[in-house]
Amino acid sequence: MDEQPRLMHSHGVGMAGHPGLAQHMQDGTAGTDGEGRKQDIGDILQQIMTITDQSLDEAQARKHALNCHRMKPALFNVLCEIKEKTVLSIRGAQEEEPPDPQLMRLDNMLLAEGVAGPEKGGGSAAAAAAAAATGGVGADNSAEHSDYRAKLTQIRQIYHTELEKYEQACNEFTTHVMNLLREQSRTRPISPKEIERMVGIIHRKFSSIQMQLKQSTCEAVMILRSRFLDARRKRRNFNKQATEILNEYFYSHLSNPYPSEEAKEELAKKCSITVSQGGTLTVTVSNWFGNKRIRYKKNIGKFQEEANMYAARTAVNATSVSAHGSQANSPSTPNSAGELIPDQLYSSLFLYQSRYRQKPRRSPT
DNA sequence: GATGATGATTTGCT
DNA sequence: AGCAAATCATCATC
């Protein structure tokens, strides 16, 4: 069979645009069965058009018949040419997709939470990371942590099995489609690029499904996190002693209630704050002072009694230390008139300063 | 369970 | 970076 090479040679000769077909048509015994040839081509085209309407076996047989048809190479060439012309216009629509920021965010989060990425002892890495994020919580809630770990591992497992399932399905489908296209490429021209494009489309579809999985996994992790590890949920009021120490500092520094970093550390130590929610111990102290300042300022009247009490206490302490307790005032009943004045002065100074505030000065130690 | 207290977080400013 | 202010979310009390 030397038909194919001959057809290729004829390119550009004969019937414009359809050289192969033209050659073929001129091949036959001239004139008499030209009509018959036309009929033949019409039949073939009809068969191709209706091939999808037939049953599988029927179509298979028809396909085989078409493949063996002597006109097939010629038709194929024609299709190739038409394709080449149309593909040129399609090629422009090739988009280079940038990495989806949403997907990247999800990936990063899953990685950070230890759901994606390498498994390290059943998600303990994630728990450790979470613990670090919340400031290295002590042993008081280790039971909750193990609960959290277990649940996270569960999520992790579901995520991975689902992801694997999707990946497998994607691969199966891709190979299936590729086989189909290869099979079809025997009857119609399909460039490797087209197959590539189709694979790309399939992958995009599947990755959008994967994204949904990632999204819901992220949501599940967030819920779990907020349920077990959110600092706000873990909020514990300070004990009485800690509050007293902090209040003592606050009211004795009412003119400038901005403890330095060192003072904060000192206070944290004194208050034996173990549940450091925010990050470092001093952050908790900072939070307290921040809240105290704003709430004091908002409603001085409400805090007046408290202010008087602490002012009196420090005053008593001071006198008892400096003057060897010679002024025998009862500690529980302070001289109200004597203590109120400096206190009010302090508070007005604080309020004044809050407008024209300066950086808190560092303690000399 | 309604409400105020309170520790933590967020937002915006300097 | 550190703060004020607003806000959130839980705790504690009744």
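Since we're looking at a predicted model, the values are computed, not measured. Protein chains get the first letters and strands the later ones, always in sequence-line order, with residue 1 at the start of each.
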Nearest-nucleotide wise, let me know which of A:Ser286 and A:Lys298 is further upstream toward the 5' end of DNA chain C.
-> A:Ser286
Does the side chain of A:Glu306 pick up a donor-acceptor pair with the side chain of A:Tyr251 at under 3.5 Å?
-> yes
NA contact type, A:Arg293, heavy-atom cut-off 4.0 Å: base, sugar-phosphate, or nothing?
-> sugar-phosphate
Rounded to whole angstrom units, what separation is found between the CD atom of A:Glu244 and the P atom of B:dT6?
-> 13 Å
If you draw a 6.0 Å radius around CZ in A:Phe206, do more than 12 non-hydrogen atoms from other residues or ligands fall strictly inside?
-> yes
No-hydrogen, no-angle side-chain donor-acceptor test under 3.5 Å, A:Gln210 and A:Glu167 | yes
Checking all strands, does A:Lys292 fall into the base, sugar-phosphate, or nothing category for heavy-atom contacts under 4.0 angstrom?
-> nothing
Is a donor-acceptor contact shorter than 3.5 angstrom present between the side chain of A:Asn291 and the base of B:dA8?
-> yes
Return the value, rounded to whole Å, for the distance between atom CZ of A:Phe289 and atom P of C:dA1.
-> 22 Å
Between atom CZ in A:Phe303 and atom P in B:dT6, what is the gap in whole Å?
-> 7 Å
Rounded off to whole Å, could you give me the NZ-to-P distance for the A:Lys240 and B:dG7 pair?
-> 14 Å
Atom pair distance, as rounded to whole Å: CG in A:Asn287 and P in C:dT10 = 17 Å
Under-4.0 Å side-chain N/O to phosphate OP1/OP2 contact, A:Tyr296 with B:dT6 | no
Among C:dC3, B:dA5, B:dG7, find the nucleotide with the atom closest to the side chain of A:Phe238.
-> B:dG7
Spacing between A:Ile294 atom CD1 and C:dG2 atom P, to the nearest angstrom | 18 Å
Does a side-chain N or O from A:Lys302 land closer than 4.0 Å to OP1 or OP2 of B:dG4, or not?
-> no
Hey, would you say the A:Tyr249 and A:Phe289 ring centroids sit under 6.0 Å apart?
-> yes
Show your working on salt bridge (charged side-chain N to carboxylate O under 4.0 Å, His left out) between A:Glu196 and A:Lys193 and close with a plain yes or no.
-> CA-CA 5 Å; A:Glu196 217 174 278; A:Lys193 245 202 184 111; over 6 Å; no
Quick note, A:Asn237 side chain, CB onward, closest among C:dC3, C:dC11, C:dA5 is C:dC11
With the side chain defined as heavy atoms from C-beta on, A:Arg295 is closest, among C:dA5, B:dT6, C:dC3, to B:dT6
